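Notes for the one structure printed next.
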Amino acid sequence: MVQGTANWNTEITKEWLQSYVDDWVQFYKKETKEGKVASYIPVLKKADPNLLGITIIGKDGMMIQSGDVGTPFTIQSISKIFSFIVACMERGVSYVLDRVDVEPTGEAFNSIMHLEMRKLKKPFNPFINAGAITVTSLLNGKSSEEKLEPIFQLFTKILGYRSRINEDVYVSERETSVRNRAIGYYLIELGYLESALDLTLDTYFKQCSIEVTTEDLAKLGLVLANDGIDPQTAEEIIPRNVVRLAKALMLTCGMYDASGKFAAYVGIPAKSGVSGGIIATAPPRVRKETLPFIEGCGIGVYGPALDDKGNSIAGIKLLKHIATKWDLSVF
Ligand code: DON
């Protein structure tokens, strides 16, 4: 039985929260058995399906980590938040939104259907592959290195070290991703790609192959929770209007065709990736009683066994449990 009918009105200590989270991670680890690691990018098959880890970092710097937090993994679709943010910062929000919409699809992340049906005339949102590839084509630069540099710089500011690309995962996706290539050709036909297809896809595969840890995701999530300001330095790293858009997209489209359920049962902006990562961002709550991380927190989860929508199966259950116990929902 999971512990946890807590009375949070008493003093909240790190040790106390740590023991709850340890207990919850232990409990949900067995759910990993119900999922499968992604296999359509061949190298991702090597991941250990039994892993589950979480890092939570509060505005005051308090960090709770539990489970398998030591294993680096590729950021995959979580990168789409940051390519969107950088494109908005480089090109302006309205320029980007003229080329990609902000509507959830209710379809799988790699669906081509809406593009072909041309319901909206532009990709539905920046988090489905069609929208993300369009956004990557908008990034300034003549090479993938130039295009990705501002994302690396943003990460370096927040994480305190320069991230690296996992070469094996990048090559594995580049060699096999026929569907993204197909999406790319549709986008050329519709006139949305601003860079050559090969350059755009190469940049996109590289951005998806950036290696992160749960701690990195929690730090990135915390800056989003704190409206783009790094709580440690008080520096505004991302403009407020861009963060607001990014979080709205995370809430409505971040978990693909499971976004509605995630909003209803977890209720915080989040984004998943097929390697099993989830970034979540809990803004400050307005309550009289004391609650854990009342000033907001960033959360990073890793659990490579996925459900049928492509989201970490145990990770979602763990997040749902924590959000319920700590009343993290924005609603
Ligand atoms: O383009 C792809 O298929 C992957 N590089 C990323 C997909 C992804 O992470 C979707 N996640 N749920």
Side-chain angles (χ1 to χ4, degrees), residues 35-47 72-84 100 104-112 115 123-137 144 148 151 165-187 193 197-198 200-212 217 220 249-262 269-280 300-316 319:
K36 281 200 182 78
V37 298
S39 57
Y40 76 100
I41 300 174
V43 167
L44 294 185
K45 266 189 276 187
K46 290 186 187 164
F73 51 94
T74 52
I75 190 166
Q76 295 300 337
S77 282
I78 298 168
S79 69
K80 295 168 181 173
I81 304 170
F82 300 96
S83 51
F84 174 73
V100 61
T105 65
E107 302 297 335
F109 64 90
N110 56 3
S111 170
I112 294 182
L115 268 186
F124 265 61
N125 67 67
F127 294 169
I128 55 167
N129 287 9
I133 292 168
T134 301
V135 167
T136 298
S137 86
S144 58
L148 293 179
I151 298 180
I165 289 169
N166 181 317
E167 209 56 31
D168 288 349
V169 175
Y170 154 62
V171 172
S172 182
E173 184 167 19
R174 190 189 63 195
E175 305 295 289
T176 54
S177 188
V178 284
R179 181 171 276 257
N180 281 330
R181 209 158 278 282
I183 290 173
Y185 282 113
Y186 269 120
L187 291 169
L193 282 197
L197 180 61
D198 280 345
T200 302
L201 287 179
D202 200 48
T203 310
Y204 172 74
F205 298 144
K206 282 183 180 160
Q207 78 178 56
C208 288
S209 303
I210 295 173
E211 255 184 4
V212 288
L217 293 184
L220 294 165
L249 283 161
M250 288 167 77
L251 194 82
T252 52
C253 316
M255 309 302 282
Y256 299 103
D257 36 338
S259 298
K261 285 192 182 59
F262 195 85
K271 175 87 201 77
S272 63
V274 280
S275 57
I278 304 176
I279 185 173
V301 176
Y302 178 53
L306 307 179
D307 61 21
D308 56 356
K309 311 277 188 200
N311 297 318
S312 171
I313 192 160
I316 289 205
L319 272 175

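Residue numbers count from 1 along this sequence. Start at 1 and go down the list; that is how both ligands and their atoms are numbered. Computed from a predicted model, the values in this text were never measured in an experiment.
Both the backbone and the side chain of Val274 come within contact range of ligand 1, each with a heavy atom under 4.0 Å. At a heavy-atom cutoff of 4.0 Å, ligand 1 is contacted by the side chain of Asn180 but not by its backbone.
Between the side chain of Ser312 and the backbone N or O of Gly303, at least one donor-acceptor pair lies under 3.5 Å. The backbone N or O of Ile279 sits nowhere less than 3.5 Å from a side-chain atom of Lys271 that would complete a donor-acceptor pair. Side-chain atoms of Ser259 come within 3.5 Å of backbone N or O of Tyr256 as a donor-acceptor pair.
Close contacts between ligand 1 and Gly310 involve ligand atoms 12 (N) [criterion: under 4.0 Å to a heavy atom]. Atoms of ligand 1 lying under 4.0 Å from any heavy atom of Glu173, numbered from 1 in the order shown and given with element: 1 (O), 2 (C), 3 (O), 4 (C), 5 (N). Taking every non-hydrogen atom of Cys208 and a distance limit under 4.0 Å, the qualifying atoms of ligand 1 come out as 5 (N). Close contacts of ligand 1 with Tyr40, meaning ligand atoms under 4.0 Å from a residue heavy atom, involve 2 (C), 3 (O), 4 (C), 6 (C), 7 (C).
The neighbour count for Tyr185 OH, taken as heavy atoms of other residues, nucleotides or ligands under 6.0 Å away, does not exceed 12.
The only member of Val135, Ile183, Leu148, Asn180 that meets side chain to side chain contact (heavy atoms under 4.5 Å, CB included) when paired with Tyr204 is Asn180.
Looking at ligand 1, you won't find any N or O of Lys309 less than 3.5 Å from one of its N or O atoms.
Annotation: Phe205 is not in aromatic contact with Tyr170 [ring centroid separation under 6.0 Å not met].
The shortest contact between atom 7 (C) of ligand 1 and any protein heavy atom is with Ser77 OG, 3.0 Å. Nearest protein heavy-atom contact of atom 12 (N) of ligand 1 is Tyr256 CE1, 3.0 Å.
Salt bridge status for Arg181 with Asp198: present, with a side-chain N to carboxylate O gap under 4.0 Å.
Judged by the shortest distance from any of its heavy atoms, Tyr204 lies inside the 4.0 Å radius around the atoms of ligand 1.
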